[in-house]
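Single-structure report; data block below.
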2 protein chains.
Amino acid sequence: MSGIKPSSLAVDIRRVAAEAEVSIATVSRVLNNPDRVSPQTRERVLETATRLGYRPNPNGKRLRKGRAETIGLVIPSPPGRFADSFFLELLAGLGEGLSDAGLDLLVATCPPGSEELACYRRLVEGRRVEGLVVARTRRQDERITYLLEQNIPFVSHGRCDLITTPYPYLDVDGQQGFYIATQHLLHLGHRDIAFIGAPHELNFAAHRLAGYRQAMSEARIPIRPEWLLEGDLSEKSGYQLSQVLLEPPEFPSAILCANDLMALGVLRALRERGLKGGQEVSVIGYDDIPQAQYTDPPLSTVHQPFRDTGKRLVEMLLARLGGVAVSRLQEVWVPELVLRGSDGPPQT
Amino acid sequence: MSGIKPSSLAVDIRRVAAEAEVSIATVSRVLNNPDRVSPQTRERVLETATRLGYRPNPNGKRLRKGRAETIGLVIPSPPGRFADSFFLELLAGLGEGLSDAGLDLLVATCPPGSEELACYRRLVEGRRVEGLVVARTRRQDERITYLLEQNIPFVSHGRCDLITTPYPYLDVDGQQGFYIATQHLLHLGHRDIAFIGAPHELNFAAHRLAGYRQAMSEARIPIRPEWLLEGDLSEKSGYQLSQVLLEPPEFPSAILCANDLMALGVLRALRERGLKGGQEVSVIGYDDIPQAQYTDPPLSTVHQPFRDTGKRLVEMLLARLGGVAVSRLQEVWVPELVLRGSDGPPQT
DNA sequence: GCACACGATGTAAACGTTTTCCATAAACTA
DNA sequence: TAGTTTATGGAAAACGTTTACATCGTGTGC
């Protein structure tokens, strides 16, 4: 019951003050407002502080300042295995900027669904975080509305098209990304382009679909409804849906997938049928996950700079915490089409 | 500079006390030692607390209790892309148990190398966490020695063979895993089994290699040094190393890979050379990552229950925090060989 | 030489809890 | 009935900071 006793008592501000023969106020000032104390005492305090290895107790500080000094990220963790490298990359990007700013990163995981909002509530209403990053937005996202309602600083990775109240976001333009990708296929001569989309509640699903639609419509090519599918972003789902696509006597000459994982599934299905990806059927994914370079053929895809995104999200959140207006914290980045081996002209 | 003002003032313990017409001490007792207060006042306090939506300020509590109520995990984030789903799975497992225990999870990311220890120092000496989980241990792991020296509770995912001081760990027996896997190949009739290992500083690298060695030695088959390679766990590395393996006129009939990612690379190399994995060359990986089910052929591998591992790690850390002896917190799990399509009898 | 500002530091009051003491009252024991 | 335990709840002291305010020289302008 007693637990573990710390090896040595931690040194607190009093100790430093006593040792440096100043008041604790001065010690605090040296650390927080260095210019408000004379150079000689500042030096002396600084010296004793480092000598004693003084580290301000974060809880004392947080209590006094009324700040959590922590930002939160909740990661959905579906049952079963999930390898969404997206979140890991985002995490790496976030971590980089945060520790510099002296903020901690609190990560919560929760099964997607009804418990998700409860998880946000715990962080926000329990005052455990002073800001949040929300990722993988849905078209109508209860998390965003909740956070807006609570008036707590946050930044969103991705927009929510159905929410009109302004909020800070950083999005990568999925419509533009797939507009370019589709145009590329069209220029190669494709006309029979199928589309495997993402779950329609996800905001980016609509965007990527819109890009495809826009390019097709501009080229005056009608979209065949049976070639417009919706997957669940998993490799398996891409595999299964392409079975359907490849079944009829006439099948598409190109398949656009809303993410790379599904594209991987499509490539596997092609391989099984003895079809060469990039020759008999072109495939283009979205995200540029690490494996995309190593598929057979290497996957052409739309690159998302997840890590840079994470870094920028931190900057934006910091700005928001500093009081920068929401209107100045809305960014949309243009993604880049990276061509590898899985696309080519249609075979005649 | 002013930042954002909270929409409403948070309700504190005083407010609840006033409203319920008791002292703040009683309110605190109701929440922490419910049986030390009479049923009727307890009910009254509870009612007003929920009515007002009272949530104890974690920083007040932490300061008073001298506990961080937070455990830490530092994730190495090498520059460039890293898709180590391992950490994400672990995270999911950890998260599950932690929030139940009322503990927060602080995640830090840092580039591997010299900065890593500094990151641990920040968490420990800055009293930001009251316990840690360390993962992916090295044979001689400075993190472990540091934490032992600081006498701060932690649990390790994986052992450090070169550290003799006892410490709490949960490991999956890599030696046993690859012993079984190698035996399986031997029973199938293979004699020419190559091994692509992990970086030798990693602790599990030694174990997995030992399992392979043990089985080979028991079968009295000498190991050809040119078939004993070391990769860096990436898909690319597996691909490149298998180029070397497959080059000579006589090449191995089976390749054992210290992780699945490298096995994926081997499968790709095989495919490029028109060799069928599981027929011309058997391949067995380690980890059982999600993609393993979807490779061509599906990858036979040694399953690691990452999520369960994470859950158990939390239990162990909680026990450690509660004062359970280290000797009772050392577990080694036996992994399971899962056979899919990438292994088969050697071709004669 | 005097009022006054100013720079440097100390004093003390928060921040929101938990917990150790007490005080009271009620309920047993002898 | 006196004395002793027991249940209940209040008062107040922490926990380690930051910061508003007070203090005290010291130099400046006139």
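In the text below, chain A, chain B and the rest are named by the order of the sequence lines, each starting its count at 1. No experiment lies behind these values; they were computed from the predicted model shown.
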Between T41(A) and dA8(C), is there a side-chain N or O to OP1/OP2 distance below 4.0 Å?
no
Quick one: N33(B) CG to dT8(D) C1', roughly how many Å, whole number?
13 Å
Please find out if less than 6.0 Å separates the ring center of F86(A) from that of H157(A).
yes
How many Å lie between CZ on R42(B) and C1' on dT8(D), as a whole number?
12 Å
Whole-Å distance separating the OH atom of Y54(A) from the C1' atom of dT18(D):
10 Å
S28(B) near the nucleic acid: base, sugar-phosphate alone, or nothing, with a heavy-atom cut-off under 4.0 Å?
base
Over 60° means perpendicular and under 30° means parallel, so tell me whether Y167(A) and F154(A) are parallel, tilted or perpendicular.
parallel
Have a look at I75(B) and tell me which of L90(B), L88(B), V107(B) forms a side chain to side chain contact (heavy atoms under 4.5 Å, CB included) with it.
V107(B)
Whole-Å distance separating the CD atom of E69(A) from the P atom of dG16(D)
17 Å
Identify whether the distance between the nearest side-chain nitrogen and carboxylate oxygen of R67(B) and E130(B) falls below 4.0 Å.
yes
Give a yes/no on whether any side-chain N or O of S23(A) is located under 4.0 angstrom from OP1 or OP2 of dT9(C).
no
Given DNA chain C, 5'-ward residue of the pair I24(A) and R44(A), judged by closest heavy atom
R44(A)
Does R64(A) contact dT18(D) through a side-chain donor or acceptor facing the base, at a distance under 3.5 Å?
yes
Base, sugar-phosphate, or nothing: which does N59(B) touch, judged by heavy atoms less than 4.0 Å apart?
nothing
Take the protein atom CZ of R36(A) and the nucleotide atom P of dT18(D), then report the distance between them rounded to whole Å.
13 Å
Looking for any heavy atom pair under 4.0 Å, which part of the strands does R55(A) touch: base, sugar-phosphate only, or nothing?
sugar-phosphate
Please figure out whether L63(B) or A25(A) has its closest DNA chain D nucleotide nearer the 5' end.
L63(B)
T26(B) side-chain N/O to dT8(D) phosphate OP1/OP2 under 4.0 Å:
no
Considering only heavy atoms and no angle criterion, is a donor-acceptor pair shorter than 3.5 Å present between the side chain of R29(B) and the base of dG10(D)?
yes
Expressed in angstrom and rounded to an integer, what is the separation of R67(B) atom CZ from dT18(C) atom P?
12 Å
Mind calculating the distance between CZ (R128(B)) and P (dG16(D)) to the nearest angstrom?
16 Å
Rounded distance in Å - CZ (R62(A)) to C1' (dT17(C))
16 Å
Taking side chain to side chain contact (heavy atoms under 4.5 Å, CB included) as the criterion, tell me which of L103(A), T70(A), L313(A) meets it with L98(A).
L103(A)
May I ask you to evaluate whether N57(A) reaches the phosphate of dT17(D), defined as a side-chain N or O under 4.0 Å from OP1 or OP2?
no
Sugar-phosphate only, base, or nothing, as touched by R14(A) at under 4.0 Å among non-hydrogen atoms
base
